[in-house]
Amino acid sequence: EALRYGHFLGADTSGAASANIPHGLTHNVWGMQDQTQKYPTLTKDEGEVDVVVIGAGMTGLTTAYYLAKQGKSVAVIEARTRGSGQTGRSSAHIMQWVDNSYHRLESKYGKTNSKLVAESMSAAIDLIEKVVKDENLHCSFARVPGYLFPAEYNDKVCWCAEFQPLEYLNGLASVLTKKYGVKLFEMSRVMRKDLGWDGQ
C-alpha cells in the first residue's frame with residue numbers, strides 16, 4: 001500500500017487541533033477529552049508499507065500489533081486521535097457474552113456455531129491480557145466476575161475483564177511506533193482507496 005497524502009476539506013493539516021481537542025472527542029470518565037494529537041499528520045507521500053490499517057482504536061491498533069509482530073511493515077491512519085471513536089466511549093468491560101444472548105444465537109445458527117462465538121469471546125480476553133503482559137502496558141487490566149441481571153440471572157456467569165481503554169491505546173501506540181516501527185498518523189482522514197480491480 002502506498003501512503004499518499006491528499007488534502008481534504010476540513011482537515012487540520014497544521015497538526016494542531018482546535019482548542020487542543022480534536023473534533024469528535026467528548027468529556028468522559030476515561031479522559032477522552034485529553035487525547036490531544038501526539039503523532040504526525042500525513043502531509044506528504046511516505047513510501048509503501050505491506051498493510052495500511054485505518055483507525056487507531058482498539059481493533060486497529062491491536063491488528064497493527066499482530067501484523068507487526070509477524071514482520072509486516074504497517075501504517076495506521078487515524079482521522080482524529082487515538083481512541084476518538086468507539087473505544088474512547090467504551091464501557092471497558094471485556095465480556096464473554098453477546099448482546100443477542102447465546103440461546104438466540106443457538107436457535108438461529110446451531111449449538112456448534114454458538115459455542116464458537118463463546119470461545120472467541122473468551123479468547124479475545126486472553127489476547128488482550130497477553131498484549132498487556134507481554135508489552136508491560138499500564139492500563140489497570142484486571143480479571144473480574146461477570147453477572148447478568150435481572151434477578152433470575154444474578155449468579156456469576158463467567159470471568160470477564162476490565163481496563164482503562166485509552167491507557168491501553170496510548171501504551172500500545174507507543175510500543176508500536178518505538179519497538180515495531182509502525183507508522184502512526186493522526187488527524188489524517190482516508191477519503192478514498194484505489195482498490196485496483198475494475199475501478200470498484
Side-chain angles (χ1 to χ4, degrees), residues 21-39 53-69 76 78-177 182 184 186:
I21 302 177
H23 176 72
L25 269 63
T26 186
H27 189 284
N28 66 16
V29 67
W30 308 125
M32 189 182 188
Q33 71 282 352
D34 298 326
Q35 284 288 92
T36 55
Q37 182 178 1
K38 182 176 180 180
Y39 297 93
V53 176
I54 300 173
M58 182 80 178
T59 301
L61 291 190
T62 304
T63 299
Y65 174 74
Y66 279 97
L67 287 167
K69 281 179 67 71
V76 179
E78 166 59 48
R80 292 170 290 189
T81 60
R82 310 158 315 287
S84 59
Q86 286 303 110
T87 299
R89 295 172 171 81
S90 170
S91 67
H93 296 122
I94 314 170
M95 303 178 294
Q96 287 181 313
W97 58 81
V98 293
D99 291 342
N100 289 327
S101 75
Y102 283 109
H103 77 272
R104 291 180 181 174
L105 287 179
E106 184 175 340
S107 66
K108 188 171 183 178
Y109 299 106
K111 186 173 183 178
T112 299
N113 289 327
S114 181
K115 184 179 178 181
L116 287 174
V117 172
E119 289 172 350
S120 73
M121 300 292 279
S122 180
I125 299 174
D126 295 339
L127 181 148
I128 295 168
E129 184 175 35
K130 180 172 173 49
V131 174
V132 170
K133 289 182 176 179
D134 287 353
E135 303 300 343
N136 194 30
L137 304 182
H138 301 286
C139 59
S140 302
F141 180 93
R143 293 274 184 166
V144 294
Y147 298 87
L148 282 178
F149 294 90
E152 61 264 29
Y153 298 113
N154 65 3
D155 290 334
K156 184 178 76 175
V157 296
C158 68
W159 280 97
C160 301
E162 63 182 11
F163 69 153
Q164 213 285 20
L166 296 184
E167 289 179 355
Y168 173 88
L169 286 187
N170 290 334
L172 186 55
S174 179
V175 166
L176 286 172
T177 55
V182 171
L184 175 54
E186 296 183 301

Quiz prompt | Donor-acceptor contact below 3.5 Å, side chain Ser114 vs main chain Lys111 | solution = no

Quiz item: Looking at CD of Glu135 and NZ of Lys133, how far apart are the two atoms once the value is rounded to the nearest 0.5 Å?
Solution: 14.0 Å

Quiz item: Side chains of Asp134 and Tyr65: closer than 4.5 Å at any heavy-atom pair?
Solution: yes

Self-check item: Ser107 (side chain) donor-acceptor with Arg104 (main chain) under 3.5 angstrom
Solution: yes

Quiz item: Between Ser140 and Glu167, is any pair of side-chain heavy atoms under 4.5 Å apart?
Solution: yes

Quiz item: Under 4.0 Å between a Lys/Arg side-chain N and an Asp/Glu carboxylate O for Arg82 and Glu78?
Solution: no

Quiz item: Is a donor on one side and an acceptor on the other found under 3.5 Å between the side chain of Glu186 and the backbone of Tyr39?
Solution: yes

Practice problem: Heavy atoms only: give me the nearest Val182-Ala68 pair and the separation to one decimal. | Solution: CG2-CB, 3.9 Å

Self-check item: Euclidean distance, Ile54 CD1 relative to Thr63 OG1, rounded to 0.5 Å
Solution: 12.0 Å

Exercise. Would you check if Ile94 and Phe141 make a side-chain contact, meaning some heavy-atom pair closer than 4.5 Å?
Key: yes

Quiz item: Could you go step by step and tell me if Arg143 and Ile125 meet the side chain to side chain contact (heavy atoms under 4.5 Å, CB included) rule?
Solution: CA-CA 9 Å; Arg143 293 274 184 166; Ile125 299 174; 3.3 Å; yes

Practice problem: Kindly give the heavy-atom pair with the smallest separation between Val76 and Ala64, and that separation in Å. | Solution: CG2-CB, 3.7 Å

Self-check item: side chain to side chain contact (heavy atoms under 4.5 Å, CB included) between Lys38 and Leu184, intermediate numbers included
Solution: CA-CA 10 Å; Lys38 182 176 180 180; Leu184 175 54; over 6 Å; no

Self-check item: Any side-chain heavy-atom pair of Tyr109 and Val117 under 4.5 Å
Solution: no

Self-check item: Working for side chain to side chain contact (heavy atoms under 4.5 Å, CB included), residues Leu137 and Phe163
Solution: CA-CA 11 Å; Leu137 304 182; Phe163 69 153; over 6 Å; no

Self-check item: Heavy-atom check, side chain of Val175 versus side chain of Val131, under 4.5 Å
Solution: no

Quiz item: Hey, does the side chain of Thr62 reach the backbone of Thr59 with a donor-acceptor pair shorter than 3.5 angstrom?
Solution: no

Practice problem: Please answer whether the main-chain N or O of Met121 pairs with a side-chain N or O of Glu119 as donor and acceptor at a distance below 3.5 Å. | Solution: no

Practice problem: Report the distance from atom OG of Ser122 to atom CD of Gln96, rounding to the nearest 0.5 Å. | Solution: 4.5 Å

